Amino acid sequence: MPLTLVCAMLCVSACVASCPPRCECSDAPRTVRCASAAIPRDASSLIITGNAIPRLDPSAFSGPQNATLLNLSDNGIIEIGSHAFSSLLALRSLILNNNQLVLIHPEAFSVPGSPLQELSLRSSLYNYSSLTDLITALRWGELTNLLRLDLSGNRLVLLPPGVFAPLPNLQHLHLRNNSLVRLGRVRLLLGQNPYACTCEAQEFANWLNSSKVRVDDVDGLYCEFPASLREITDLSLQTSYVFLGLVLGFVGMVFLFVVYLNRKGIKKWITEIYEACRDVLEGYHYRYEIDSDPRLGHVSHAQQQSRPRMDPRLAHISTDARITQIPSDVTL
């Protein structure tokens, strides 16, 4: 379908010398609003909205090859064909908001040289199958220069693992106004950035502390401003300290709960240990008193000196006497 449509808004790169028939021209923003006219080949921005365009074919944009912006919002687009934008070699921004995309071909966004930097599909994905088609198109489109991707308002419930892997330079991802309950193995790399640790960064720090998203280079988060916090403040340390405090608090609560449940047994155990220690200490104290009393020591020494000594000759006699007393029926 040729894009000579009603209510087409064209922003041309050069000043419009003469306004085309049935068009309204504005010199300040260099905007041409036409009812039905051919698209100038030197147009830099195409804004075509509010029409009925169910399908985009490869030949639809063969005219304005220098266009850097293409806005096709609110056109009821259902299908984007293969290489639909391949003739727009300078295309930087593609806006497809508020459509009803059901079918997106794998090479729908393929443009030679991969010039596309912004892709907006706000409120345009009809169902989950269109999300699957979009993932395939992102992978096959070789959008290595894409910086911004807007998927807001598409009732997304979850994002499959690796959905953004083909976009190595993606910097801005908009997912607001969806129904997301889980992100598939998302890894964030946030280190080596000059973070300003001001009051505005508190929300970001709270998100780091509470989010389950994996930040692989959390050790690389640091404060660039103010200078007084550049060396001593570290967002990763804040996160680690908060996590450690939560763990220690939980362990302490569990310990106190266990002690409370076993308070009677613990009291009995402590009492038994106390009594055993007291008995041992009393025994040591009694022996110390005996050993330290000089009178008891003198009596003990006198008893040892007054004890009669046994004659060695009598010891042999005593031994023999005991042997003679053995009954005769016992064999030695």
Side-chain angles (χ1 to χ4, degrees), residues 1-3 5 46-62 64-65 67-180 183-184 186:
M1 179 183 296
L3 293 180
L5 303 172
L46 301 179
I47 304 176
I48 305 172
T49 60
N51 296 280
I53 310 175
R55 174 184 169 85
L56 295 178
D57 295 321
S59 59
F61 302 98
S62 57
Q65 298 182 357
T68 59
L69 182 147
L70 176 60
N71 189 343
L72 297 175
S73 301
D74 299 291
N75 285 310
I77 301 174
I78 299 176
E79 179 181 356
I80 301 178
S82 180
H83 298 279
F85 312 101
S86 59
S87 61
L88 304 176
L89 302 180
L91 186 63
R92 299 290 185 270
S93 180
L94 176 60
I95 302 175
L96 297 167
N97 299 334
N98 302 316
N99 286 290
Q100 298 179 352
L101 296 176
V102 177
L103 181 60
I104 303 174
H105 286 255
E107 296 180 331
F109 303 117
S110 295
V111 179
S114 303
L116 198 62
Q117 297 180 359
E118 178 184 7
L119 176 60
S120 182
L121 294 165
R122 190 185 313 140
S123 302
S124 290
L125 301 181
Y126 184 75
N127 51 25
Y128 187 79
S129 62
S130 57
L131 174 62
T132 305
D133 290 347
L134 174 63
I135 295 173
T136 305
L138 293 178
R139 184 180 300 112
W140 285 47
E142 298 181 356
L143 304 178
T144 56
N145 294 316
L146 192 68
L147 302 178
R148 301 175 61 91
L149 178 61
D150 192 345
L151 297 177
S152 305
N154 284 300
R155 303 180 302 277
L156 302 178
V157 178
L158 57 88
L159 294 176
V163 59
F164 305 117
L167 309 176
N169 293 313
L170 186 65
Q171 297 180 4
H172 301 276
L173 175 63
H174 299 276
L175 295 172
R176 56 181 175 269
N177 195 24
N178 281 292
S179 303
L180 292 172
L183 298 176
V186 175

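Since we're looking at a predicted model, the values are computed, not measured.
- Contact of the Asn145 side chain with the Pro115 side chain is not registered, since no non-hydrogen atoms from C-beta on lie closer than 4.5 Å.
- In this structure the side chain of Ser86 reaches within 4.5 angstrom of the side chain of Pro112, judged on heavy atoms.
- Residues Leu138 and Leu119 form a side-chain contact, since some pair of their non-hydrogen atoms from C-beta on lies under 4.5 Å apart.
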ask   = So His174 and Arg148, side chain to side chain contact (heavy atoms under 4.5 Å, CB included) or not? Walk me through it.
value = CA-CA 8 Å; His174 299 276; Arg148 301 175 61 91; 3.3 Å; yes
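- In this structure, the side chain of Asn51 does not engage the main chain of Asn75 through any donor-acceptor pair within 3.5 Å.
- Side-chain contact between Asn154 and Leu131: absent, with no pair of heavy atoms (C-beta onward) separated by less than 4.5 Å.
- Taking the side chain as every heavy atom from C-beta outward, Leu146 and Phe109 never approach each other to under 4.5 Å.
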task = Might you work through the side chain to side chain contact (heavy atoms under 4.5 Å, CB included) test for Asp74 and Asn97, ending with a clear yes or no?
result = CA-CA 7 Å; Asp74 299 291; Asn97 299 334; 6.0 Å; no
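- Rounding to the nearest 0.5 Å places OG of Ser179 at 11.0 Å from CG of Leu158.
- Shortest non-hydrogen contact noted between Phe85 and Val111 is O-CG2, 3.4 Å.
- Heavy-atom minimum distance, Arg176 versus Asp150: NH2-OD2, 4.4 Å.
- Rounded to the nearest 0.5 Å, atoms CG (Leu70) and CD1 (Ile48) are 6.0 Å apart.
- Put simply, the side chain of Leu173 does not reach to within 4.5 Å of the side chain of Leu167, judged on heavy atoms.
- Judged by distance alone, the side chain of Asn177 and the main-chain N or O of Ser123 form no donor-acceptor pair under 3.5 Å.
- In terms of modelled atom types and a separation under 3.5 Å, the side chain of Ser124 and the main chain of Arg122 share a donor-acceptor contact.
- Ile104 and Ser130 make their closest contact through CD1-O, 4.0 Å (heavy atoms, listed as atom of the first residue, atom of the second, distance).
- Among residues two or more places apart in sequence or in another chain, the salt bridge (Lys or Arg N to Asp or Glu O under 4.0 Å) test is passed with Asp133 by none.
- Within the model, atoms CG of Asn71 and OG of Ser120 stand 8.5 Å from one another, a figure rounded to the nearest 0.5 Å.
- Residues Pro106 and Trp140 come closest through the heavy atom pair O-CB, 3.2 Å.
- One distance of note links CG of Asn178 with CG of Leu159; it measures 8.0 Å at 0.5 Å rounding.
- Checking side-chain atoms of Ser114 against main-chain N and O of Glu142 turns up a donor-acceptor pair under 3.5 Å.
- Taking 4.5 Å as the limit, some side-chain heavy atom of Asn169 sits within range of a side-chain heavy atom of Leu147.
- Here Glu79 pairs with Arg55 under the salt bridge (Lys or Arg N to Asp or Glu O under 4.0 Å) rule; sequence neighbours left out.
- For Gln117, the CD atom is densely surrounded, since the number of other residues' heavy atoms within 6.0 Å is greater than 12.
- Note that the OG1 atom of Thr68 and the CG atom of Leu91 stand 7.5 Å from one another [nearest 0.5 Å].
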request  = Walk me through it: do Leu134 and Leu151 pass the test side chain to side chain contact (heavy atoms under 4.5 Å, CB included)?
outcome  = CA-CA 11 Å; Leu134 174 63; Leu151 297 177; 3.7 Å; yes
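- Paired with Leu94 under the rule side-chain contact (heavy atoms from CB on, under 4.5 Å), one option of Leu88, Leu69, Leu116 passes, and it is Leu116.
- One finds the CG atom of Leu125 at 8.5 Å from the CZ atom of Arg155 (value rounded to the nearest 0.5 Å).
- Proximity of Leu101 to Ile77: side-chain heavy atoms (C-beta onward) are separated by under 4.5 Å at one or more points.
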ask   = Would Ile80 and Leu96 count as a side chain to side chain contact (heavy atoms under 4.5 Å, CB included) if you check the C-alpha gap in whole Å, the side-chain angles of each, and the deciding distance to 0.1 Å?
value = CA-CA 10 Å; Ile80 301 178; Leu96 297 167; 3.7 Å; yes
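- When every heavy atom of Ser152 is checked against every heavy atom of Leu175, the shortest pair comes out as OG-N, 4.1 Å.
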